[in-house]
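The chains referred to below are lettered A, B, ... by the order of the sequence lines, with proteins before strands, and numbering in each begins at 1.
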Protein chains: 2
Amino acid sequence: MTLKELQYIVTIAEEKSISRASARLYVSQPYLSQCLMRIERQHDMPLFRRTQHGLVLTFAGEQYVETARKIVKLYNDFETGLCEISNMRKGRLTIGTTIHLGSMVFSTILPIFRELYPNIELRLEEGPSQKIEEYIIASKVDIGLLHCPLKDSAISYIPIRENNFVAVLHKDSHLEEFFYKKEESPYPFIDPKHFSGEKFVLAYPYQRVRQIADQILAAAGIQPLSCLNTSSVQTAMCLSAVGLGVSFMPENYISLFNCPVEPQFCRMEEEFGAKWTMAVAYDSKDMLSGPAKEFIRIMKENM
Amino acid sequence: MTLKELQYIVTIAEEKSISRASARLYVSQPYLSQCLMRIERQHDMPLFRRTQHGLVLTFAGEQYVETARKIVKLYNDFETGLCEISNMRKGRLTIGTTIHLGSMVFSTILPIFRELYPNIELRLEEGPSQKIEEYIIASKVDIGLLHCPLKDSAISYIPIRENNFVAVLHKDSHLEEFFYKKEESPYPFIDPKHFSGEKFVLAYPYQRVRQIADQILAAAGIQPLSCLNTSSVQTAMCLSAVGLGVSFMPENYISLFNCPVEPQFCRMEEEFGAKWTMAVAYDSKDMLSGPAKEFIRIMKENM
DNA sequence: ACCTATTACGGATTACGTAATGATG
DNA sequence: CATCATTACGTAATCCGTAATAGGT
């Protein structure tokens, strides 16, 4: 079965004549005739009766034309759908994201995207960075929102913006004597070397926040002795607030959480690398889809 | 678009692998690969993303598969429909008939046919014999029920049974003196030569009953002088009953009608050709459909 | 003779195979 | 090296045209 065959038969049925149909279809009349005969032979059943007043459909022919019309319509609808996809008037963008990034980024970016491309379906996949990388490789998501550094070298990424980390301390920490102020920040600065000997509240090693924390401690020459582990940044922050140990978190996450006891936040100098880079990641060997490109452009412009 | 193409893509989508799909489809793997590429090139849009874990559908690909599944189903349903047609478990029989024949024949034949082929749709087209012949030529009906002789030589026919004509007279006709009885009939016989000089009630020349009447009169050597015309056999019979003239009608139609005044019926001898032959007619150059053949068989056996 | 359907046949394109080549784990 | 996708290329089938034939007003 061919789309052409279907259209041939439908046209013959409409014109009740092979000659007229062949003219409308821009094929030679003998060819159309033999097409019809071939199709009838394939089904081993005449589709038309040849009368003086032209070709009239048999019962089987009516069934054929009915089916053919439905199929042609389905296919045409599909093709116009494709056009809409390439015009980005239709489509889907699946974004993988870590849980906190999602709440931070999407609240500003998604409304803008929706405004521009109201008929692009958006899907979110949440999970830890590592899962997001897997999803990218498996094409389960088109793009991923996560923090550098990326483990998998098959993934390309576009840095979007950096965010500073802060240390989280007990409100009335005995380290207060080492604080110093700077213009650029509402939070005091501290040299992380002073954390030597402190207890810590840290994420699990597979988490990106933990890797940044490790980096800070390493730069400060500290091997943490005693540490509590939690996978939740919010939990770590609250535990630090009540003096169970020092933790580290991105500054821009502070506004996401509330603790029963207000903690003390401290910035650290550049040299300790207390920051991470948010990036949008995608499979190196895949082409970015139109919607994905647009999403990235909007991210760059609005963050 | 080809049914094959659709099935190829659906299978690849199911198997997430060209190799496995090619095995299931009994085509070589390189060929399937190039088919996929060709189809993607035709639509200018990738249908799959190639990942380590196999081929996964793009958004466009999902639309394609969705459409393809619907089309394949439509086509398969159509094909099983064709089988049912050739098994006569499905189909249509359109029968052309003159109005009185319909009421006589169908009440006995249709119940039998329905019983045997409950899913064959039956359609009736009623009209004068001449119309029925046109319908046969135009393939508007599969078969026609009418009376010989047929005008159009392109029509074949199968005689089903003969029916005698009777003359219809006034109850107390002055011709009663010429009546004579015979074993074979409840009605008296009369020699139509005695109708010479009578008035007549006759159908219109295009009607088959009229042609039979003309034949009787010609055989009796009578040219009718005065005659009333009506297209209705029933009207003619009623008018004859009240003495407006002699009319002729098939004996088996008598039971169909009732008149206010009971008429007198008379048979005539064989030599005057006072009879007609009911036949089932069909286009000489068309093959009879299965249902048509069956209908004819049932007619022969039951009339 | 004229119009339309069917048959005969030839060249261009497509269908589909095998063998070879990359790419990837 | 083993597996899968892609490329290269050859043959058989088909697509679709023109020319000729037939059937019907």
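Between the side chain of B/Arg92 and the main chain of A/Phe59, no donor-acceptor pair closer than 3.5 Å is present. Side chain of A/Glu126 to backbone of A/Ile99: no donor-acceptor contact under 3.5 angstrom is found. Remark: the backbone N or O of A/Ala292 is paired with a side-chain donor or acceptor of A/Ser289 at under 3.5 angstrom. Checked by atom type and distance alone, the side chain of B/Arg208 pairs as donor or acceptor with a backbone atom of B/His147 at under 3.5 Å. Listed for the A/Glu133 side chain is a donor-acceptor partner under 3.5 Å among the backbone atoms of A/Lys151.
With rounding to whole Å, A/Gln52 atom CD is found 18 Å from C/dC3 atom P. The distance between atom CZ of A/Arg41 and atom P of D/dT14, rounded to the nearest whole Å, is 11 Å. The nearest whole Å value for the distance from the CE atom in A/Met37 to the C1' atom in D/dC15 is 15 Å. Atom-to-atom, CZ of A/Arg49 to P of C/dA5 comes out at 17 Å; the value is rounded to the nearest Å. In this entry the distance linking CG of B/Leu25 with P of C/dC16 reads 11 Å, nearest Å. A/Ile12 has its CD1 atom 9 Å from the P atom of C/dA5, to the nearest Å. For the pair A/Ile39 CD1 and C/dT6 C1', the computed distance is 16 Å after rounding to whole Å. Distance CG (A/Leu36) to P (C/dT7): 11 Å, rounded to an integer number of Å.
Nucleic acid contact class of B/Ser19 (heavy atoms, under 4.0 Å, all strands): sugar-phosphate only. Within 4.0 Å of A/Phe48, counting heavy atoms only, lies no atom of the nucleic acid at all. Within 4.0 Å (heavy atoms only), A/Lys4 reaches sugar-phosphate atoms of the nucleic acid but no base atom. Among the atoms of the strands shown, none is found under 4.0 Å from any heavy atom of B/Arg20. Base engagement by A/Gln34 is indicated by at least one non-hydrogen atom pair under 4.0 Å involving a base atom.
For the OP1/OP2 pair of D/dG23 and a distance below 4.0 Å, the side-chain nitrogens and oxygens of A/Arg50 include no atom meeting the criterion. For the pair A/Ser33 and C/dA5, the criterion of a side-chain N or O lying under 4.0 Å from OP1 or OP2 is not met.
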